[in-house]
Colleague: 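Sharing a structure below in structure tokens format, with a few things to ask.
Numbered from 1 within each chain, the chains take letters A, B, ... in sequence-line order.
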Amino acid sequence: MTTTRPGAAEVTDPWAPWIDSVSAGLVRSGAGAAVELREDGVRAVLDVDGGPEGDLAFPVHRFAAGSGPAAEVLARRLAEGFPSTPGVNPPVARGAYVNFTVDARVLVKATLDLALGRGVRYGHGERREGSTVVEHTSANPTGPFHVGRVRNAVIGDTLARVLRAAGTPVTTQYYIDDMGRQSAMVTWIWGKPRDAWPEPIRAAVEGKERPDDKADRRWGLPYPAASAYLKEHPDAAAEVATVVRQIESGAPPAEHRRIGEQILGGMLASLARLAIGFDEFVWESDLLADGSVAKATEALRRAPLAVREENGAWAIDARGFALPKESTRVVFQRGDGTSLYVTRDVAYHLAKFGRFSSAVDVLGQDHQLHARTLDALLAAIGEKRRPTYVIYQDITVPDGGRMSTRGGSAVWLDDLVEEAVERATREVAARRPDLSAAEAGRVADAVATGAVRYHIVRIAPDKPVRFRWEDALSFEGRSGPFVQYSHARASSVLRKGDADAPPYPFDPERLADPEEIALVRVISRFPRTVAYAARTFHVHAVAGYAHDLADQFNRFYHAVPVLRSGAGRESRLALVAAARQTLRNALELLGIVPLETM
RNA sequence: GGGCGCGUAGCCUAGCCUGGAUAGGGCACCGGGUUCCUAACCCGGGGGUCGAGGGUUCGAAUCCCUCCGCGCCCGCCA
């Protein structure tokens with residue numbers, strides 16, 4: 001039996017009380033069977049997804065020393081001795097398992113009460129202590145996003161949404177690397193009048209400029225050609241090196257920041273189409289200007305493991321850290337006294353830890369070693385905290401190669417979105433000739449961007465992805481539009497049922513069809529799924545859940561009439577409302593527009 | 001050479017953290033479904049040595065070891 005104490009935790013997961021009562025019941029039943037079960041041990045093996053036979057399953061093997069007859073006997077005795085528990089049907093032993101089912105009416109009531117009662121907060125957890133800064137994207141401001149880089153943004157933005165839902169206040173940050181050779185290169189070329197550009201660079205740009213270019217495209221256009229040119233021309237490379245030195249000395253060319261801001265503005269406009277934005281922007285050069293880098297460097301020099309090299313450079317003796325054998329020393333200050341990327345990153349992370357209790361960095365796999373180097377330097381100065389890294393693998397181009405701006409093999413985000421919008425526009429025109437042009441455009445846009453976001457987030461970050469147009473542009477099956485479609489259907493039913501707003505009275509007795517119960521079960525899984533995604537950072541689990549929910553809603557929709565269902569109509573409308581709410585909340589976590597119609 | 005990650009049907013993928021009952025989905029393919037709440041949908045079907053081998057265990061896709069294949073990284077670059 002579950003009692004609610006004053007000040008007890010708010011129930012956010014409909015399963016929590018049953019997990020409590022089944023665990024407690026098993027402990028009592030075990031005592032009767034002369035088997036000592038401890039509640040934490042029971043909880044550890046209790047399978048909440050239930051397996052094939054029920055809602056909760058308890059495998060007894062480890063308590064019966066194996067899977068022989070003894071296990072079956074124990075399962076039977078545990079089932080027989082299980083105390084009568086409100087809302088839980090008497091358990092059934094099957095082989096070495098004790099299977100529990102929750103009373104369907106109780107499940108329906110608890111789930112719909114929670115989903116409808118909490119509304120937009122269904123699936124969200126209680127406020128937690130602490131705060132988190134999620135750094136993601138952080139692409140150099142040198143030109144448009146390609147699809148590979150967008151994986152970072154989609155994972156990071158979704159993660160921020162999921163962590164917030166789970167109860168942790170989150171601040172998102174975009175770290176702008178304006179101190180590297182790459183951004184210096186952009187300033188170098190645009191610092192020259194056009195007729196002073198080296199011929200190959202001018203030729204590469206000529207004819208490609210369009211009057212309506214976004215800033216990132218316009219200012220980034222010469223970048224690949226400039227990059228190639230500099231490899232062959234040491235004199236020009238020396239000019240870029242001069243710009244780098246100016247930046248590092250704290251006196252960049254006057255137009256440096258302005259160019260960076262222009263390009264970044266264009267890049268951010270692309271992300272905004274996918275509902276990706278940032279709370280804060282941190283310019284690397286500001287860390288130099290405000291003394292943060294000097295302070296970090298000073299701390300590193302005082303570290304016990306700090307060593308001075310012959311030419312005056314400073315390094316940390318890193319033999320004790322788990323870095324590659326060659327990296328016995330990590331240099332953090334050059335012989336000329338200037339700082340390095342990793343040093344500035346130390347300064348940045350000290351700033352993060354000064355304001356937030358934890359930090360998450362979303363990084364491409366090519367930054368894996370950098371992450372460990374950063375950890376080593378933080379350890380060297382006695383900082384106990386570390387960022388948590390979410391590492392994702394590359395998105396490669398159709399022929400398998402790496403997506404590269406400079407190599408010209410990139411698939412641009414803007415092109416992908418544009419293509420998706422065109423395709424969605426055709427679909428909408430074919431399916432919904434009744435919509436106004438404005439409405440059709442809104443739907444097409446939401447479908448297109450939903451497809452793009454879902455396509456990227458649905459895959460575990462660990463998996464390398466080979467980009468294929470036909471996959472990215474799919475609106476069917478495991479896709480964003482599939483989920484959006486279920487939401488639109490549910491919305492349509494509620495609209496026609498004149499049930500677009502609460503209250504939603506229902507009678508659990510009337511929701512007894514197998515497809516109705518199955519739908520309730522999937523709805524009830526949502527809070528657990530969000531908590532799991534937040535704990536493990538597996539944001540793709542939310543995408544998988546959204547598909548499962550939409551899938552089951554569609555099955556229900558086909559099997560059970562709602563509007564013409566007589567006495568059960570009101571209860572079914574409540575179920576549809578709960579499903580829609582959950583679909584909506586899941587879509588919001590994924591940054592996908594929950595369309596009312598499509 | 002070393003480090004990290006990945007390998008699940010023709011293709012894509014979930015499950016791996018925390019071992020548990022016939023390995024879930026999607027695409028494609030085959031066969032059905034719309035006078036009825038949106039067919040971007042639903043129902044049915046075929047298709048699997050979970051890269052290979054060994055180990056641990058009552059039990060391994062899951063944990064450990066070896067090997068193979070693929071990607072990335074191994075700068076006083078960022």
Side-chain angles (χ1 to χ4, degrees), chain A residues 44-45 47 51-53 57 59-62 64-68 70-71 94-97 99 140 177 179-183 244 284 309 311-315 322-327 329-336 338 340-342 344-345 364-372 391-394 396 400 402 424 427-428 430-432 447 451 458-466 468 470-471 474-479 481-482 484-486 488-497 535-536 538 540-541 544 547-548 550-551 554-555 557-565 572 576 597-598:
Chain A
V45 297
D47 180 356
E53 302 284 334
V60 306
H61 312 86
R62 78 170 58 173
S67 60
R94 163 102 186 261
Y97 297 82
N99 292 309
N140 293 342
D177 170 19
M179 292 191 65
R181 226 176 83 87
Q182 309 196 332
S183 69
V244 170
E284 190 176 10
E309 308 280 1
N311 67 350
W314 283 82
L323 298 173
K325 284 186 181 117
E326 294 81 0
S327 301
R329 297 211 165 161
V330 177
V331 174
F332 61 86
Q333 185 177 44
R334 292 195 188 93
D336 66 5
T338 55
L340 287 104
Y341 174 67
V342 71
R344 302 190 290 265
D345 216 16
Q365 67 160 337
D366 53 335
H367 281 62
Q368 179 93 37
L369 181 58
H370 169 74
R372 283 194 290 151
I391 307 285
Y392 63 92
Q393 304 294 311
D394 290 325
T396 52
R402 209 167 179 225
E427 290 293 327
V428 174
R431 295 163 194 271
R432 295 298 304 276
V447 165
R458 60 187 260 263
I459 309 293
D462 287 340
K463 293 260 192 193
V465 172
R466 182 177 291 210
R468 290 193 178 86
E470 63 271 28
D471 294 346
S474 169
F475 299 159
E476 293 167 7
R478 263 206 83 169
S479 73
F482 179 91
Q484 289 172 305
Y485 187 64
S486 291
R489 271 181 158 174
S491 299
S492 172
V493 170
L494 293 172
R495 232 174 8 247
K496 292 188 173 167
R535 178 172 60 83
T536 61
H538 288 179
H540 62 285
H547 173 265
D548 290 350
D551 193 35
N554 288 337
R555 277 202 266 271
Y557 179 90
H558 279 278
V560 180
V562 175
L563 296 180
R564 281 166 295 109
S565 57
R572 285 178 175 167
V576 173
T597 188
M598 63 186 277

Colleague: With sugar-phosphate meaning primed atoms plus P, OP1 and OP2, does A/S183 contact a base, only sugar-phosphate, or nothing at under 4.0 Å between heavy atoms?
Modeller: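 Touches nothing.
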
Colleague: Give A/K496 one of three labels, base, sugar-phosphate or nothing, depending on what nucleic acid heavy atoms sit under 4.0 Å from its own.
Modeller: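 Sugar-phosphate contact only - A/K496 comes under 4.0 Å of backbone atoms but never of a base.
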
Colleague: Using whole Å, report how far CD of A/E476 lies from P of B/C29.
Modeller: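 A/E476 atom CD is separated from B/C29 atom P by 11 Å.
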
Colleague: What is the nucleic acid contact for A/E309, judged by heavy atoms within less than 4.0 Å: base, sugar-phosphate only, or nothing?
Modeller: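 Result for A/E309 = base.
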
Colleague: With rounding to whole Å, what would you report as the distance between B/G20 and B/C63 at their C1' atoms?
Modeller: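 Between the two C1' atoms, the distance is 14 Å.
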
Colleague: May I ask which nucleotide in the shown strands pairs with B/G53, Watson-Crick or G-U wobble, both distances under 3.5 Å?
Modeller: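 The answer is B/C65, by the H-bond criterion.
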
Colleague: B/C43 phosphate, OP1 or OP2: any side-chain N/O from A/R555 under 4.0 angstrom?
Modeller: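 Checking A/R555 against B/C43: at least one side-chain N or O falls below 4.0 Å of OP1 or OP2.
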
Colleague: Look at A/R468 and B/U13 and indicate whether a side-chain polar atom (N or O) is within less than 4.0 Å of OP1 or OP2.
Modeller: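 No, outside the criterion.
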
Colleague: Is any side-chain heavy atom of A/T338 closer than 4.5 Å to one of A/M179?
Modeller: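 Heavy-atom side-chain distance check fails, nothing below 4.5 Å.
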
Colleague: Considering just the side-chain nitrogens and oxygens of A/K463, establish if one lies under 4.0 Å of OP1 or OP2 belonging to B/U8.
Modeller: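 Checking B/U8 against A/K463, no side-chain N or O comes under 4.0 Å of OP1 or OP2.
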
Colleague: Does A/H61 have a side-chain nitrogen or oxygen under 4.0 Å from the phosphate oxygens OP1 or OP2 of B/G19?
Modeller: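 Negative; the distance criterion is not met.
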
Colleague: As an exercise, state the distance from CZ of A/R489 to NE2 of A/H558, rounded to the nearest 0.5 Å.
Modeller: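 A/R489 CZ to A/H558 NE2: 4.5 Å, rounded to 0.5 Å.
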
Colleague: For B/A60 versus B/C41, give the span between their C1' atoms, rounded off to a whole number of Å.
Modeller: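 Rounded to whole Å, the distance is 38 Å.
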
Colleague: For A/D471, which contact category applies under a 4.0 Å heavy-atom criterion: base, sugar-phosphate, or nothing?
Modeller: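 A/D471: no heavy atom of the nucleic acid under 4.0 Å.
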
Colleague: Is the phosphate of B/C77, meaning OP1 or OP2, less than 4.0 Å from a side-chain N or O of A/R334?
Modeller: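 Answer yes for this pair, as a side-chain N or O of A/R334 is under 4.0 Å from OP1 or OP2.
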
Colleague: Categorize A/G335 for me: base, sugar-phosphate, or nothing, with a 4.0 angstrom heavy-atom threshold over every strand shown.
Modeller: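 Since a base atom lies under 4.0 Å of A/G335, the category is base.
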
Colleague: Sequence neighbours left out, what passes salt bridge (charged side-chain N to carboxylate O under 4.0 Å, His left out) with A/R555? Give chain and number order.
Modeller: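 A/D551.
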
Colleague: For RNA chain B, whose closest nucleotide is more 5', that of A/A313 or that of A/G95?
Modeller: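 By nearest-heavy-atom nucleotide position, the 5'-most residue is A/G95.
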
Colleague: I'd like the C1' distance from B/G59 over to B/G75, given in whole Å.
Modeller: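 About 50 Å, rounded to a whole number of Å.
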
Colleague: Look through every strand shown and name the nucleotide pairing with B/G46 as Watson-Crick or G-U wobble, where both distances are under 3.5 Å.
Modeller: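 Per the H-bond distance test, none.
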
Colleague: Remember a base hit wins even if backbone is also touched, and classify A/P561 as base, sugar-phosphate or nothing at under 4.0 Å, heavy atoms.
Modeller: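 Result for A/P561 = base.
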
Colleague: With both distances under 3.5 Å as the test, what is the Watson-Crick or G-U wobble partner of B/G24?
Modeller: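 Pairing partner: B/U13.
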
Colleague: Does A/V244 reach a base, just sugar-phosphate, or nothing at all? Heavy atoms under 4.0 Å.
Modeller: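 Nothing: the residue A/V244, judged by heavy atoms under 4.0 Å, touches no strand.
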
Colleague: Base, sugar-phosphate, or nothing: which does A/R535 touch, judged by heavy atoms less than 4.0 Å apart?
Modeller: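 Answer is base: heavy atoms of A/R535 come under 4.0 Å of a base.
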
Colleague: For B/C76, does the base pair up with any side-chain atom of A/N311 as donor and acceptor (N or O, under 3.5 Å, distance only)?
Modeller: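 Check passes, donor-acceptor contact within cut-off.
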
Colleague: Under a 3.5 Å cut-off for both distances, is B/G59 Watson-Crick or wobble paired, and to whom?
Modeller: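 Across all strands, not a single nucleotide pairs with B/G59.
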
Colleague: Work out how far the P atom of B/G3 is from that of B/G19, and round it to whole angstrom.
Modeller: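 So the two P atoms sit 26 Å from each other.
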
Colleague: Any base atoms under 4.0 Å from A/A460, or only sugar-phosphate, or nothing? Heavy atoms, all strands.
Modeller: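 Contact class for A/A460: sugar-phosphate only.
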
Colleague: Taking donor-acceptor contacts at under 3.5 Å, does the side chain of A/N99 reach the base of B/A21?
Modeller: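 Looking at the base of B/A21, it does pair with a donor or acceptor on the side chain of A/N99 (distance under 3.5 Å).
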
Colleague: Sort out the partner of B/U35 for me: Watson-Crick or G-U wobble, both distances under 3.5 Å, none otherwise.
Modeller: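 Its partner is none (no Watson-Crick or G-U wobble pair with both distances under 3.5 Å).
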
Colleague: Check whether more than 12 heavy atoms from other residues, nucleotides or ligands sit under 6.0 Å from atom CZ of A/R334, and answer yes or no.
Modeller: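 Yes - once you tally the heavy atoms of other residues, nucleotides and ligands closer than 6.0 Å, there are more than 12.
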
Colleague: Taking only the C1' atom of each, what is the distance from B/U8 to B/G69 in whole angstrom?
Modeller: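 Looking at atom C1' only, B/U8 and B/G69 are 15 Å apart.
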
Colleague: Look at the side chain of A/R564 and decide which nucleotide, out of B/U38, B/G3, B/C37, has an atom nearest to it.
Modeller: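 Selected nucleotide (nearest to the side chain): B/C37.
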
Colleague: Return no unless some side-chain N or O of A/S492 is found under 4.0 Å from OP1 or OP2 of B/U38.
Modeller: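 Affirmative; the distance criterion is met.
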
Colleague: With nearest nucleotides of RNA chain B determined for A/R94 and A/R432 from heavy-atom distances, which residue corresponds to the more 5′ nucleotide?
Modeller: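 That would be A/R94.
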
Colleague: Counting any heavy atom closer than 4.0 Å, what does A/R478 reach on the DNA or RNA strands: base, sugar-phosphate only, or nothing?
Modeller: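 Here A/R478 touches the backbone only, sparing every base.
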
Colleague: Assign A/Y557 to base, sugar-phosphate, or nothing according to its heavy-atom contacts below 4.0 angstrom with the strands shown.
Modeller: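 Since a base atom lies under 4.0 Å of A/Y557, the category is base.
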
Colleague: Starting at CZ of A/R458 and ending at P of B/G15, how long is that distance when rounded to a whole Å?
Modeller: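 After rounding, the gap between these two atoms is 13 Å.
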
Colleague: Base, sugar-phosphate, or nothing: which does A/V576 touch, judged by heavy atoms less than 4.0 Å apart?
Modeller: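 No contact at all - A/V576 keeps every heavy atom at 4.0 Å or more from the nucleic acid.
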
Colleague: Is the phosphate of B/A78, meaning OP1 or OP2, less than 4.0 Å from a side-chain N or O of A/R344?
Modeller: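 True: A/R344 side-chain N/O within range (under 4.0 Å) of B/A78 OP1/OP2.
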
Colleague: Quiz question: by atom type and distance under 3.5 Å, do the side chains of A/S183 and A/N140 form a donor-acceptor pair?
Modeller: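 Their side chains do not contain a donor-acceptor pair, so the 3.5 Å distance test is not met.
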
Colleague: Using a 4.0 Å heavy-atom cut-off, does A/R466 contact any base of the nucleic acid, only the sugar-phosphate backbone, or nothing at all?
Modeller: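 Nothing, no heavy atom under 4.0 Å.
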
Colleague: Check if the side chain of A/Q365 and the base of B/G71 share a donor-acceptor pair of N or O atoms closer than 3.5 Å.
Modeller: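 Yes, a donor-acceptor pair under 3.5 Å.
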
Colleague: So what does A/D551 touch, heavy atoms closer than 4.0 Å: a base, only the sugar-phosphate, or nothing?
Modeller: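 Result for A/D551 = sugar-phosphate.
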
Colleague: Search all heavy atoms of A/Q333 against all heavy atoms of A/L340 and return the closest pair with its distance.
Modeller: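 What the structure gives for the nearest pair is N-CD1, 3.7 Å.
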
Colleague: Considering every strand shown, what is the Watson-Crick or G-U wobble mate of B/G5 when both distances are under 3.5 Å?
Modeller: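 B/G5 is paired with B/C70.
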
Colleague: Provide, to the nearest angstrom, the distance between the CG atom belonging to A/D394 and the P atom belonging to B/G7.
Modeller: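 A/D394 atom CG is separated from B/G7 atom P by 16 Å.
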
Colleague: Could you give the CZ-to-C1' distance, from A/R489 to B/C41, as a whole number of Å?
Modeller: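 Atom-to-atom, A/R489 to B/C41, this comes out as 4 Å.
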
Colleague: Using a 5.5 Å cut-off between ring centres and planes within 30 degrees, is A/Y97 stacked on the base of B/A21?
Modeller: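 Answer is yes, a stack.
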
Colleague: Determine whether the aromatic ring centres of residues A/H61 and A/Y97 are separated by less than 6.0 angstrom.
Modeller: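 Distance test on ring centres: under 6.0 Å, yes.
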
Colleague: Looking just at side-chain N and O atoms, do A/T396 and A/D394 make a donor-acceptor pair shorter than 3.5 Å?
Modeller: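 Looking only at side-chain atoms, A/D394 and A/T396 do not form any donor-acceptor pair under 3.5 Å.
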
